[in-house]
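Please read these numbers as outputs of a predicted model, since none were measured by experiment. For reference, positions follow the sequence shown, starting with 1.
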Amino acid sequence: MQTASAHRVVVVGGGFGGLQAAHHLRSAPVEVTLVDRRNFHLFQPLTYQVATGALSPGEIAYPLRAIFKRAANVRVLMADARAVDARERRLELCPVGGVPAPPSIPYDTLIVAGGSRYSYFGNDQWGGFAHEVKSLESALVTRSAILSAFEAAEMAPDPELRASWLSFVVVGAGPTGVEMAGQIAELAQDSLRRDFRSADPTTGRIVLVEAGERVLSSFPPSLSERAQRSLERIGVTPMLSRTVVDVDARGVTVRGPDGATERVAARTIVWAAGVTASPLAGMLASLAGAQTDRSGRLTVEPDLSLEGHPEILALGDMVAVRGADGEPVVYPGVAPVAMQQGRYAARLVRARLKGEQIGPFRYKDKGNLATIGRASAVADIRGIRLSGLLAWLAWLVVHLWYLVGFANRLFVFIRWAVSFITHGRGARVITVPEAYAEASTAPARRGEAGLEDAAASRFESEAAKNAAAADG
């Protein structure tokens, strides 16, 4: 670490934004403390591949301490940010997982990159039935739920029950939803098709529900159409212009443009729809006497600073950035935005230490990529529109490039190569405890609507422990 008089920078969040900020301050005359409630950086764009058995947890997660082991001015602290004392310039902390943490740490500059989480649009109870892949733990739970559905179908005593277990609904047709639906279809149509004796995975039904008029709405319409055709070709049924109005253990209810509702039966539901900002955004908004938007995002100044508190910077999914006209600009919730903002925050700290000024943050859009299935993807890279094999190869290269750690890149490349050649998935492991296995089959035995609260609660607690063990 630097001397006691060094400028103290505290970075909250080891995601893409926080990691870039800390990384680009390694050679600056500052002391950096990176605070995260996990001890690893997660490559979130590939969590859906963990959820479908294509990759193992350790291949998309990298220990934060290993990343900064050669950075003498950076220390990593495993703790949860609880509050900010702006007057004393201290970040208040609380322990995570029984690991001791100091009650607070001082800062001269605070960089907050809290990220976001999935939003159930005010219906948080849906989260008890719809799985998601925002975190490593939830991806492992989703993997177990998907694979358990195929196992349950194999043991189902009649065709109707078997068909319900082989039905999957993915809510949200953005990149994550499209990629998730495509991977489930590939799992059913290819990887598992010869693994069972009673159930036929190729008869599975995968439904992709989207409130908008097309899949991948952030892409040009021509690429959306190609993506939809590719999804349909591998067995995914898109249901567009449909709004989810109810979710339970047996499926989802959707409302069409005409107001009529329709029931989509499925035992496995994956949520990949809207997101809401980290609660840290609301905490900072209280400091500034500001309001958050409908998605919980905090509006920051053009240089990413909190209004009235230039020493506090916020970035990533949890913020909107005030534009030249004074109106907040919401950037796409993708890794490149957070990474560019993290690098900008580091440049701003360096400039302030020198008494210099830099211009406002400007996002450079490098394009969009989304994979659909085996050798199938779409790409919009600075006006160049690709689909099929070329887009898929571009997707592979970009994701390998941005993965943290040479070992991870090598292992993922080998895993993808082996999977492509053998049509297999080596991480098809069910890791949930017996409590969930018993609870998840209870509705079928008793004809009830969902899991018992106690069993579901035990499952969530034990699944988190299993996820941590699997990552370790």
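Put simply, the side chain of Q20 never gets that close to the backbone of A338: no donor and acceptor are under 3.5 Å apart. Of the possible donor and acceptor atoms, one in the side chain of R162 sits under 3.5 Å from a partner among the backbone N and O of A156. Remark: side-chain polar atoms of E132 are not paired, donor with acceptor, to backbone N or O of V270 under 3.5 angstrom. Put simply, the side chain of S56 never gets that close to the backbone of G58: no donor and acceptor are under 3.5 Å apart. Looking only at distances, no side-chain donor or acceptor of T47 sits under 3.5 Å from a matching main-chain atom of A139. Looking only at distances, no side-chain donor or acceptor of N123 sits under 3.5 Å from a matching main-chain atom of Q125. For S376 (side chain) and G373 (main-chain N/O), no donor-acceptor pair under 3.5 Å exists by modelled atom type. The closest donor-acceptor contact from the side chain of R143 to the backbone of R428 lies at 3.5 Å or more, if one exists at all. Within the 3.5 Å criterion, the main-chain N or O of R193 finds no donor-acceptor partner in the side chain of D195. In terms of modelled atom types and a separation under 3.5 Å, the side chain of R242 and the main chain of V254 share no donor-acceptor contact.
Between L208 and A181, the closest heavy-atom pair is CD1-CB, 4.3 Å. Considering all non-hydrogen atoms of both residues, V429 and L147 come closest at N-CD1, 3.6 Å. Shown here for V74 and R26, the closest heavy-atom pair between the two residues is CG2-CG, 4.2 Å. In plain terms, the two heavy atoms of R37 and M78 that are nearest each other are O-CE, 3.9 Å. Contact between R385 and S222 at its shortest, heavy atoms only, is NH1-OG, 3.8 Å. Smallest separation of non-hydrogen atoms from A51 and V133: CB-CG1, 3.6 Å.
From D36, atom CG reaches atom CG of L77 across 10.0 Å, with rounding to the nearest 0.5 Å. Rounding to the nearest 0.5 Å places CG of L187 at 4.0 Å from CG of L192. Separating the OH atom in Y118 from the NE2 atom in H131 is a distance of 14.0 Å, to the nearest 0.5 Å. Between atom CD1 of residue I206 and atom OG1 of residue T268 there is a gap of 10.5 Å, rounded to the nearest 0.5 Å. We find the OG1-CG distance between T371 and L46 to be 10.0 Å, quoted to the nearest 0.5 Å.
Just one of R374, R425, R233 meets the salt bridge (charged side-chain N to carboxylate O under 4.0 Å, His left out) condition when paired with E186; it is R425.
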Do L19 and L64 pass the side-chain contact (heavy atoms from CB on, under 4.5 Å) test, and can you show the C-alpha distance, the side-chain angles, and the key distance before you say yes or no? CA-CA 9 Å; L19 193 69; L64 290 169; 3.9 Å; yes
Could you go through the side-chain contact (heavy atoms from CB on, under 4.5 Å) check for I372 and V178 one step at a time? CA-CA 6 Å; I372 298 159; V178 166; 4.1 Å; yes
Test S164 against S167 for side chain to side chain donor-acceptor pair (under 3.5 Å), laying out the working first. CA-CA 5 Å; S164 71; S167 295; over 6 Å; no
Before you tell me yes or no, could you show the steps for E232 and Q228 under side chain to side chain donor-acceptor pair (under 3.5 Å), namely the whole-Å CA-CA distance, both residues' side-chain angles and the distance that decides it to 0.1 Å? CA-CA 6 Å; E232 292 170 343; Q228 182 171 337; 3.3 Å; yes
Could you walk me through whether W416 and W395 satisfy the ring pair (Phe, Tyr, Trp, His ring centres under 6.0 Å) test, starting with their C-alpha distance in whole Å, then the side-chain angles of each, then the deciding distance to 0.1 Å, before giving a yes or no? CA-CA 12 Å; W416 280 343; W395 181 90; 5.3 Å; yes
Show, in sequence, the C-alpha distance, side-chain angles and deciding distance for V319 and R297, and conclude whether the side-chain contact (heavy atoms from CB on, under 4.5 Å) test is met. CA-CA 5 Å; V319 304; R297 284 182 291 258; 5.8 Å; no
Which is it for E225 and R214 under the salt bridge (Lys or Arg N to Asp or Glu O under 4.0 Å) test, yes or no, and what are the steps along the way? CA-CA 8 Å; E225 292 174 8; R214 56 189 177 95; over 6 Å; no
Given side-chain contact (heavy atoms from CB on, under 4.5 Å), test R415 with E59 step by step and report yes or no. CA-CA 9 Å; R415 174 86 71 174; E59 292 165 346; 2.9 Å; yes
Stepwise salt bridge (Lys or Arg N to Asp or Glu O under 4.0 Å) test for R38 and E137: CA-CA 11 Å; R38 298 287 184 265; E137 293 86 352; 2.7 Å; yes
From CA spacing to verdict: ring pair (Phe, Tyr, Trp, His ring centres under 6.0 Å), F420, W392: CA-CA 12 Å; F420 187 82; W392 185 70; 5.3 Å; yes
F43 vs F16, test: ring pair (Phe, Tyr, Trp, His ring centres under 6.0 Å). Steps then yes/no. CA-CA 8 Å; F43 193 78; F16 290 105; 5.6 Å; yes
Check against side chain to side chain donor-acceptor pair (under 3.5 Å), T261 and R255: CA-CA 4 Å; T261 59; R255 179 182 294 121; over 6 Å; no
Derivation and outcome, side chain to side chain donor-acceptor pair (under 3.5 Å), residues R350 and S27: CA-CA 10 Å; R350 287 174 173 271; S27 59; 2.7 Å; yes
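Looking at heavy atoms from C-beta onward, R347 lies in side-chain contact with I358 at the 4.5 angstrom threshold. Between V412 and L403, some side-chain heavy-atom pair lies under the 4.5 Å cut-off. Counting heavy atoms from C-beta outward, S119 and V275 have side chains that stay 4.5 Å or more apart. V209 is not listed as a side-chain neighbour of V170, based on a closest heavy-atom distance of 4.5 Å or more. Taking 4.5 Å as the limit, some side-chain heavy atom of L304 sits within range of a side-chain heavy atom of Q341. Under the 4.5 Å side-chain criterion, counting only non-hydrogen atoms from C-beta, L216 is not in contact with L223. At least one side-chain heavy atom of L280 sits less than 4.5 Å from a side-chain heavy atom of M318. Contact of the V252 side chain with the D246 side chain is not registered, since no non-hydrogen atoms from C-beta on lie closer than 4.5 Å.
Between D293 and S295, the side chains place no donor N or O within less than 3.5 Å of an acceptor N or O (distance only, hydrogens not considered). Between the side chains of R322 and T299, no donor N or O sits under 3.5 Å from an acceptor N or O. Remark: the D317 side chain and the S116 side chain contain an N/O donor-acceptor pair separated by less than 3.5 Å.
Aromatic rings of Y363 and Y344 (six-membered ring for Trp) have centroids beyond the 6.0 Å cut-off, not under it. F129 and W271 have their aromatic ring centers separated by at least 6.0 angstrom.
Atom CZ of F411 is surrounded by 12 or fewer heavy atoms from other residues, nucleotides or ligands within 6.0 Å. Surrounding CZ of F413 are at most 12 heavy atoms belonging to other residues, nucleotides or ligands under 6.0 Å away. A 6.0 Å sphere centred on CZ of R263 holds more than 12 heavy atoms belonging to other residues, nucleotides or ligands.
Between Y331 and F361, the ring planes are perpendicular. Angles over 60° get that label, and only those under 30° would be called parallel. Ring pair F68/H23 is tilted by interplanar angle, where 30° to 60° counts as tilted.
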